[in-house]
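First the structure, in the form of structure tokens, and then the observations on it.
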Amino acid sequence: MPNFDAGVLCDASEDRLLPAIAQDADSGRVLMLAWMNLEAWTETMQTGRAVYFSRSRGKLWRKGETSGHQQIVRSVQVDCDADTILLHVDQTGAACHEGYASCFFRSVDADGSVDVREPRLVDPADVYG
């Protein structure tokens, strides 16, 4: 069980939040980092679908409820301090709200330049517009 007492306090809700990493269960690629409170954790564990806590909206965020780009949870791990959650997921569609397979679609070179090195899967305006 994650240690939510060790979580970061969210001013909007006064919940304790832990970072939750979503990783593609087959490839191992990191798809995204989000936050979970106890309620998101509980719903994720009960439903087998990734649920996060949106800090900007101050409420639960059921991944894919707007876009259809869900995350089906295959397995869950917590780190040695029980203050970080790792979800191994099957991702439907784009994980990133900008339309990319992963939120980590930018590469930073040694000189500090940033490049987008993968194709956008969907136009966010078509998904969220």
Side-chain angles (χ1 to χ4, degrees):
M1 176 74 172
N3 179 9
F4 285 97
D5 289 337
V8 175
L9 185 62
C10 177
D11 291 335
S13 66
E14 298 191 14
D15 285 299
R16 292 280 175 179
L17 307 177
L18 294 179
I21 301 162
Q23 182 179 35
D24 185 280
D26 291 326
S27 71
R29 182 174 188 195
V30 173
L31 300 175
M32 55 180 275
L33 170 80
W35 297 89
M36 280 188 169
N37 63 359
L38 179 58
E39 186 179 5
W41 164 264
T42 301
E43 187 171 325
T44 296
M45 298 305 288
Q46 289 174 347
T47 66
R49 296 176 188 259
V51 178
Y52 302 104
F53 185 84
S54 170
R55 296 175 300 160
S56 61
R57 290 177 276 180
K59 65 179 190 171
L60 290 186
W61 160 37
R62 292 165 183 90
K63 182 71 172 147
E65 71 184 340
T66 303
S67 67
H69 299 168
Q70 301 178 27
Q71 294 175 345
I72 306 303
V73 178
R74 273 212 226 158
S75 64
V76 180
Q77 294 177 287
V78 294
D79 75 339
C80 55
D81 296 320
D83 63 0
T84 302
I85 300 163
L86 177 61
L87 303 176
H88 301 273
V89 302
D90 291 326
Q91 175 70 49
T92 302
C96 178
H97 75 280
E98 291 192 27
Y100 293 90
S102 167
C103 292
F104 298 94
F105 60 88
R106 296 181 188 102
S107 294
V108 181
D109 295 326
D111 66 1
S113 62
V114 177
D115 288 320
V116 173
R117 295 199 176 148
E118 67 179 69
R120 180 175 267 156
L121 299 180
V122 296
D123 183 341
D126 293 340
V127 176
Y128 303 105

Nearest non-hydrogen partners of [X] and [Y], listed with the distance:
{"X": "Q91", "Y": "H69", "result": "NE2-O, 3.4 Å"}
{"X": "V122", "Y": "A94", "result": "CG2-CB, 4.2 Å"}
{"X": "P19", "Y": "D83", "result": "CD-O, 3.4 Å"}
{"X": "S102", "Y": "L31", "result": "OG-O, 3.3 Å"}

| field | Partners meeting side chain to side chain contact (heavy atoms under 4.5 Å, CB included) with A12 (sequence neighbours left out) | value | C10
| Got a sec, which residues hit side chain to side chain contact (heavy atoms under 4.5 Å, CB included) with T42, two or more places apart in sequence or on another chain? | L38, Q46
Just to verify, what does [X] make a side chain to side chain donor-acceptor pair (under 3.5 Å) with, not counting sequence neighbours?
{"X": "D115", "value": "R117"}
{"X": "E118", "value": "R29"}
{"X": "D5", "value": "none"}
{"X": "D26", "value": "R74"}

Side-chain contact test, heavy atoms from C-beta onward, threshold under 4.5 Å: evaluate it for [X] versus [Y] and give yes or no.
{"X": "H88", "Y": "Q77", "result": "yes"}
{"X": "D15", "Y": "E39", "result": "no"}
{"X": "L87", "Y": "M36", "result": "yes"}

| Going by the side-chain hydrogen bond (donor to acceptor under 3.5 Å, both in side chains) test, which pairs reach into residues 50-62, not counting sequence neighbours? | E43-R62, Y52-Q71, S54-S56, S54-R57
Any chance you could pull the hydrophobic cluster mates of [X], using side-chain heavy atoms under 4.5 angstrom and chaining through other members?
{"X": "F53", "value": "V8, L17, W35, V51, L60"}
{"X": "V108", "value": "V114"}
{"X": "V116", "value": "Y100, F105"}
{"X": "L86", "value": "I21, V30, L33, F104"}

Straight-line distance of [X] [atom1] to [Y] [atom2], nearest 0.5 Å:
{"X": "I72", "Y": "D90", "atom1": "CD1", "atom2": "CG", "result": "7.5 Å"}
{"X": "F4", "Y": "L18", "atom1": "CZ", "atom2": "CG", "result": "4.5 Å"}
{"X": "C103", "Y": "E98", "atom1": "SG", "atom2": "CD", "result": "8.0 Å"}

| said: Do M32 and V76 sit in one hydrophobic cluster, given that two such residues count as connected whenever their side-chain heavy atoms are within less than 4.5 Å of each other, even indirectly? | reply: yes
| Of all residues at least two apart in sequence or in a different chain, which pass the salt bridge (Lys or Arg N to Asp or Glu O under 4.0 Å) check with E65? | none
| task | Examine distances only and state if a side-chain atom of D109 and a backbone atom of G112 form a donor-acceptor pair shorter than 3.5 Å. | result | no
